[in-house]
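Report on the structure given below.
Throughout, a chain's letter reflects where its sequence line sits, starting with A, and its residues are numbered from 1. Just so you know, these numbers use all the heavy atoms, side chains as well, and skip hydrogens, waters and symmetry mates.
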2 protein chains.
Amino acid sequence: MADAQAQILDAAEALFARQGFAATTIKAIGHQAAVNPALLYYYFPDKAQLYHAVLERRLATAAREVAQKLRPDAPAPEAIAQAIRAYATLMRQTPYLPRLIARELADHEAAHALPLIREIAAGLFQRLCEVIRRGQDRGELRADLAPQFAAISTIAQVAWFFVAQPAVSRLLGFDGAVPADEIERYTEHVIRYAMAALTPDARRPTRARKRARR
Amino acid sequence: MADAQAQILDAAEALFARQGFAATTIKAIGHQAAVNPALLYYYFPDKAQLYHAVLERRLATAAREVAQKLRPDAPAPEAIAQAIRAYATLMRQTPYLPRLIARELADHEAAHALPLIREIAAGLFQRLCEVIRRGQDRGELRADLAPQFAAISTIAQVAWFFVAQPAVSRLLGFDGAVPADEIERYTEHVIRYAMAALTPDARRPTRARKRARR
DNA sequence: GTCTATAGCGGGATAGAC
DNA sequence: GTCTATCCCGCTATAGAC
């Protein structure tokens, strides 16, 4: 058995992700962690800070992994494809992360969300926008899409899939969670879909293509 | 002043959407509705059924509006563009709907979600898949994308934008909500992005194109 | 239909034994 | 470090006056 603190964090993570902060009781966390509920107060000052600890444990490492793939100097299509893969892998390996993030966004009106989350979201987003903008300048990507919107469209496909996972799973005809190989297939689909949307089409000369021809 | 029942439903909708079911108290709803909290129990049997009433009031009409646009016999690109517009308009006019739906998906593990939600989600999704499948058969859409995945990618772009609205708004540089004209611009962007992803590319002959040439 | 008062329960958090 | 016992508060829901 791992040490109690880790047990508690794991249990809390699962419950906060599935039910939200308010609906999750200290007693339920203790039960799920197979630990005496009063013990939570030995490791954490109160429920709110336990929640923050849960988020921080995941986020710090997670953000770095995705950001690494977004190199503005690399060819944009490759960089974006790699980032999508990294993001999907992360979400698959950390199954509760998407819902934790989604709750943070929905519950706290963003203004009161953890500063850590705000920073990470803004950092990754700016970075992706930058990659897209450079790709457009080089003619690798269509120039008639607003970079911010293109970034949102691309992120949304992965983010929504994982956030709505329970429902998506049913819609795809599975009973419990979506099987790992299906997630991988979806990830590769997103890359194809996003690439088709983002790269210039021979039939539709874009400003970037004209620029590239000079 | 509208009748008390409507006041209560409006207040409950706003609070459930922003904070979730568990974090919303009867007293807060009464306060927000400018109504005595005990009065809620005159109109609704308990908190859970008030919540259901909130959802049902919105969902019944909402689903029909979007489904109407998804005519499998119409040209797929037009049908999809219309559906995206209808969906976005609906979400814009019913600002709390996206978060209510997202919470329903995240909280209830889909299996225990309101049957009404399950039906609507499944119905709309099947319908969109059907439109895509027919479009592929007619050569209007790329045939190398799985229809279910293509449907998820397309829906996700709009759904995520609205669910993550508070955060998205900040990322786009706005302070409060995203202004209406920016939402409209994003909607048109999604249509362009989705169309580029879904329609065949001259450089990349697809099975559907070959089929269409016969 | 609307309000006051309150019952009754379950939650977060603490004291203190071991 | 872990457990028992318990306090106190705020919540849902009801009884009953008006």
Side-chain angles (χ1 to χ4, degrees), chain A residues 1-58 96 99-100 103-104 106-109 112-114, chain B residues 1-58 96 99-100 103-104 106-109 112-114:
Chain A
M1 169 152 60
D3 62 314
Q5 177 157 13
Q7 298 268 116
I8 291 168
L9 281 169
D10 288 343
E13 179 175 328
L15 291 173
F16 284 145
R18 288 207 290 245
Q19 318 178 342
F21 180 80
T24 300
T25 68
I26 296 287
K27 282 164 190 163
I29 296 172
H31 180 75
Q32 167 103 1
V35 137
N36 189 297
L39 191 58
L40 301 211
Y41 292 94
Y42 177 76
Y43 289 105
F44 305 96
D46 59 19
K47 192 182 164 188
Q49 304 220 32
L50 166 57
Y51 175 69
H52 288 168
V54 164
L55 283 179
E56 277 167 20
R57 181 175 65 149
R58 293 290 177 217
Y96 294 120
R99 276 199 268 173
L100 286 174
R103 282 187 194 285
E104 199 53 23
D107 285 355
H108 298 317
E109 301 267 320
H112 319 96
L114 266 193
Chain B
M1 169 152 62
D3 61 316
Q5 177 156 14
Q7 298 267 115
I8 292 168
L9 281 170
D10 288 343
E13 179 175 327
L15 291 172
F16 285 146
R18 288 208 289 247
Q19 319 178 339
F21 181 80
T24 301
T25 67
I26 297 287
K27 282 169 190 167
I29 297 172
H31 180 74
Q32 167 104 0
V35 137
N36 188 297
L39 192 57
L40 302 210
Y41 293 94
Y42 176 77
Y43 290 105
F44 304 95
D46 59 19
K47 192 182 163 187
Q49 303 220 33
L50 167 57
Y51 175 69
H52 289 169
V54 164
L55 282 179
E56 276 167 19
R57 181 175 66 147
R58 293 288 176 219
Y96 294 119
R99 276 199 268 175
L100 285 173
R103 282 187 195 284
E104 200 49 26
D107 286 356
H108 298 318
E109 302 267 318
H112 320 97
L114 266 193

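- The list of side chain to side chain donor-acceptor pair (under 3.5 Å) pairs with a residue in residues 46-55 of chain B, not counting sequence neighbours, reads B/Y51-B/E104.
- Considering only side-chain N and O atoms, A/Y42 lies nowhere under 4.0 angstrom from the phosphate OP1 or OP2 of C/dT14.
- A distance-only check finds a donor-acceptor pair linking the side chain of A/R103 to the backbone of A/F16 [under 3.5 Å].
- By the side-chain contact (heavy atoms from CB on, under 4.5 Å) test, B/T25 pairs with B/K27, B/A28, sequence neighbours left out.
- Between the P atom of C/dT4 and the CG atom of B/L39 lies a distance of 12 Å, rounded to the nearest Å.
- With sequence neighbours excluded, the residues satisfying side-chain contact (heavy atoms from CB on, under 4.5 Å) with B/Q32 are B/A11, B/A14, B/L15, B/R18.
- The CD-P distance, from B/Q7 to C/dG1, rounds to 15 Å in whole Å.
- Under the salt bridge (charged side-chain N to carboxylate O under 4.0 Å, His left out) criterion, the residue pairs touching residues 7-17 of chain A are A/D10-A/R57, A/E13-A/R57, A/E13-A/R58, with sequence neighbours excluded.
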Scan nucleotides 4-18 of chain D nucleotide by nucleotide, 5' to 3', and note B when protein non-hydrogen atoms come under 4.0 Å of the base, S if they reach only the sugar-phosphate, - if neither. B------BBBB----

Donor-acceptor pairs are to be reported for all side-chain atoms of residues 35-44 of chain B against protein atoms at under 3.5 Å, with residues two or more places apart or in another chain.
residue: B/N36; atom: OD1; partner: B/A38; partner atom: N; Å: 2.9

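- Nucleotide C/dG1 holds its P atom 13 Å from the CZ atom of B/F44, rounded to whole Å.
- Separating the CG atom of A/L40 from the P atom of C/dT14 is a distance of 12 Å, rounded to the nearest angstrom.
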